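Treat the numbers as computed from the prediction; the structure is a model and nothing was measured. In the text below, chain A, chain B and the rest are named by the order of the sequence lines, each starting its count at 1.
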Number of protein chains: 2
Amino acid sequence: MNAKVKVEKAKSEKTKVKKTKENILDAAAALFSKHGYNGTALRDIADALEMKAGSLYYHFDSKEQLVLEILTIGLENIIDTVIRRVEELPENSSSRDILVAAAKGHLGALLEKGDYTSTSIRNYGQMPVAVQKEGRIIRDRYESMWRKWLVKAQEKGDIKDSIDLKILRLSILGALNRTLAWYSKKGDLSIDEIAEIQVGFVWDGIATSDAR
Amino acid sequence: MNAKVKVEKAKSEKTKVKKTKENILDAAAALFSKHGYNGTALRDIADALEMKAGSLYYHFDSKEQLVLEILTIGLENIIDTVIRRVEELPENSSSRDILVAAAKGHLGALLEKGDYTSTSIRNYGQMPVAVQKEGRIIRDRYESMWRKWLVKAQEKGDIKDSIDLKILRLSILGALNRTLAWYSKKGDLSIDEIAEIQVGFVWDGIATSDAR
DNA sequence: TTAACTATTTAGTTTACTTAAAAAATTAAA
DNA sequence: TTTAATTTTTTAAGTAAACTAAATAGTTAA
C-alpha cells in the first residue's frame, strides 16, 4: 500500500471517530440547552444516540470536558458572528455604526443561534467552576475586540475623553447579555432594533437637556 | 402550670430549634459562598456544625429548600439596602440623584454584604432551576421599584419621552450586575464612584457633541 | 485469515442526596 | 424525682448519577 492510500485510510478512520464525537456533541448540546447541565444525565445523552453511557468515555474524559467543548464552540460562534457583522460595514463607517453593528451581532448570536451558543450562554452559570474558568479565557479574547473598537472611537474624538472605557465596555456587554433574560421572539421589537436602542442609551444619553 | 408559663416554655423551645436552623443557614451560606452550590456537600455543612448530614433533614426538607432560604434572605437584603439608600435622600432630590442612590445601594449590597447576599448573586446560576424560579419572583418585586423611579423621572420630563423604560431598566440593572464579575476591592474606584459612573453613561451619554 | 487496533458494552465502584427507623436528649406531668 | 411524651440527632440503609476497568465486539492492515 502506497503512501497516498495510507493517508486516505487514516483520514477515513479519523472522520469515522470524529463523526461519532460530533454526534455526541450535537445530542449533548441539544439536551443541555433544553434541560440544563445538571438536568441532563450522561445516560440521557447516550440514550439519544442509542448507546450506553459508558461508551461516551471513549470519546470524552468526563461530562465536564464534554460541556467544555460545547461551550468553546458556542463562544467561538459568537465571536465569528460579531466579527462578520462589523466587517460587513462599509469602510469609514462612523464609530456609532461600528458599535451598533457589533451589538447586533452579539445579540443575534445570543438569541437566535443553535444549541451550542444557547447552551454556552444560558447554562454558563450551571457549569462546573473549572469549565467557567476556561470559558472566561475565550470571553477575554472577545472582549478585547470591543476594547479595540472603543479605543479607536475615543481616539477619533467620538467618545468623550472623560469616559472610562473599561467600565463602559463592561456596562455595554452587561446590558446586552441581560437581554437574554427577557427577549421573546413574539415581542414587537426585532433583535437589531433592541441592539440599536441599547447602544443609543449610552451613546446619546437618556436625559432631556433640562435635566442635565 | 399556668398559661403564662406555658407560653414562655413554648417560646423557648422555638428559639432553641430556630437557633439550630440559623446555625445551619449561616454555615451553609458561608460554604456556598466560598465553594459554590455544587461544590458544597451536605456533609460539609454538617461537619462545620459537628453534626451528621442526616440531621439536617430535621430542619430542612432538602438541599434545595436550604439554598432557597438563603437566596430569599440575600435578595431581601438587597431590596432593603436599596430602599434605605433612596429614602435617605433629601426630599425633592433630582431624578438623577435618585437613580444614582439606587445604583449605589444595589452595588453596595452586591459587593460588600455578607455570605447570604453574595451566595444569592454569585451562585444564582448554579442553583436548581426551581430555586431560580422562586428567586425571580423576589427579583420582579425589586425591579418594580426601579420601574417606579424611572416612570416618575420620565413624567417629570427628566428622561426623554422617546426612551423605552423597560429596556432602559433592564440595561441599567444588567450593567450594574455585571460589575460583580470585575470589581475588586483593591481597585482605585470605590463602589459609589462606580455606580455614579455607570448611571452617568446612560444619563449624559458618552458621545462628544461632534459625534452625535 | 489472522493479528492489531478501535469502539462499545458490562459490571461494577464511588459520591452525594435522601429516607426511615432507632437512639438519645429534652421537656412535661405525676 | 421518676415516668411518659416529645423533640432532636444519629445510624443504616436506598437511590441516582458520574466514573472506571475489564471483557467483548467490530474494523482494518497485512
Between atom [atom1] in [X] and atom [atom2] in [N], what is the gap in whole Å?
{"X": "Arg43(B)", "N": "dT11(D)", "atom1": "CZ", "atom2": "P", "answer": "11 Å"}
{"X": "Leu42(B)", "N": "dT9(D)", "atom1": "CG", "atom2": "P", "answer": "15 Å"}
{"X": "Tyr37(A)", "N": "dA17(D)", "atom1": "OH", "atom2": "C1'", "answer": "11 Å"}
{"X": "Ile24(B)", "N": "dC17(C)", "atom1": "CD1", "atom2": "P", "answer": "14 Å"}

Problem set entry | Gap between atom CG of Leu111(B) and atom CD1 of Ile191(B) - 0.5 Å precision |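 If I round to the nearest 0.5 Å, the distance is 4.5 Å.
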
For this session: Identify, residue by residue, the members of residues 45-68 of chain A with a heavy atom below 4.0 Å from DNA chain D, and return them in order of residue number, or none.
Result: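 Within this stretch, Tyr57(A), Ser62(A), Lys63(A) sit under 4.0 Å of the strand.
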
For this session: For Arg85(B) and Asp192(B), run salt bridge (Lys or Arg N to Asp or Glu O under 4.0 Å): C-alpha distance rounded to whole Å, both residues' side-chain angles, the deciding distance at 0.1 Å, then the answer.
Result: CA-CA 11 Å; Arg85(B) 258 330 249 268; Asp192(B) 279 2; 3.0 Å; yes

Exercise. When you measure from the side chain of Lys63(A) to the backbone N and O of Ala41(A), does any donor-acceptor pair fall under 3.5 Å?
Worked result: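 Checking the backbone N and O of Ala41(A) against the side chain of Lys63(A), no donor-acceptor pair under 3.5 Å is found.
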
Problem set entry | Residue list, salt bridge (charged side-chain N to carboxylate O under 4.0 Å, His left out) with Asp44(A), at least two apart or on another chain |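 Here no residue qualifies.
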
Problem set entry | ring-ring contact (aromatic ring centres under 6.0 Å, His included) contacts touching residues 18-51 of chain A (sequence neighbours left out) |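 Non-adjacent pairs meeting ring-ring contact (aromatic ring centres under 6.0 Å, His included): Phe32(A)-Tyr37(A).
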
Problem set entry | Option among Leu176(B), Thr179(B), Val199(B) that satisfies the side-chain contact (heavy atoms from CB on, under 4.5 Å) test with Ile194(B) |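 That would be Thr179(B); it is the only one of Leu176(B), Thr179(B), Val199(B) passing the side-chain contact (heavy atoms from CB on, under 4.5 Å) with Ile194(B).
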
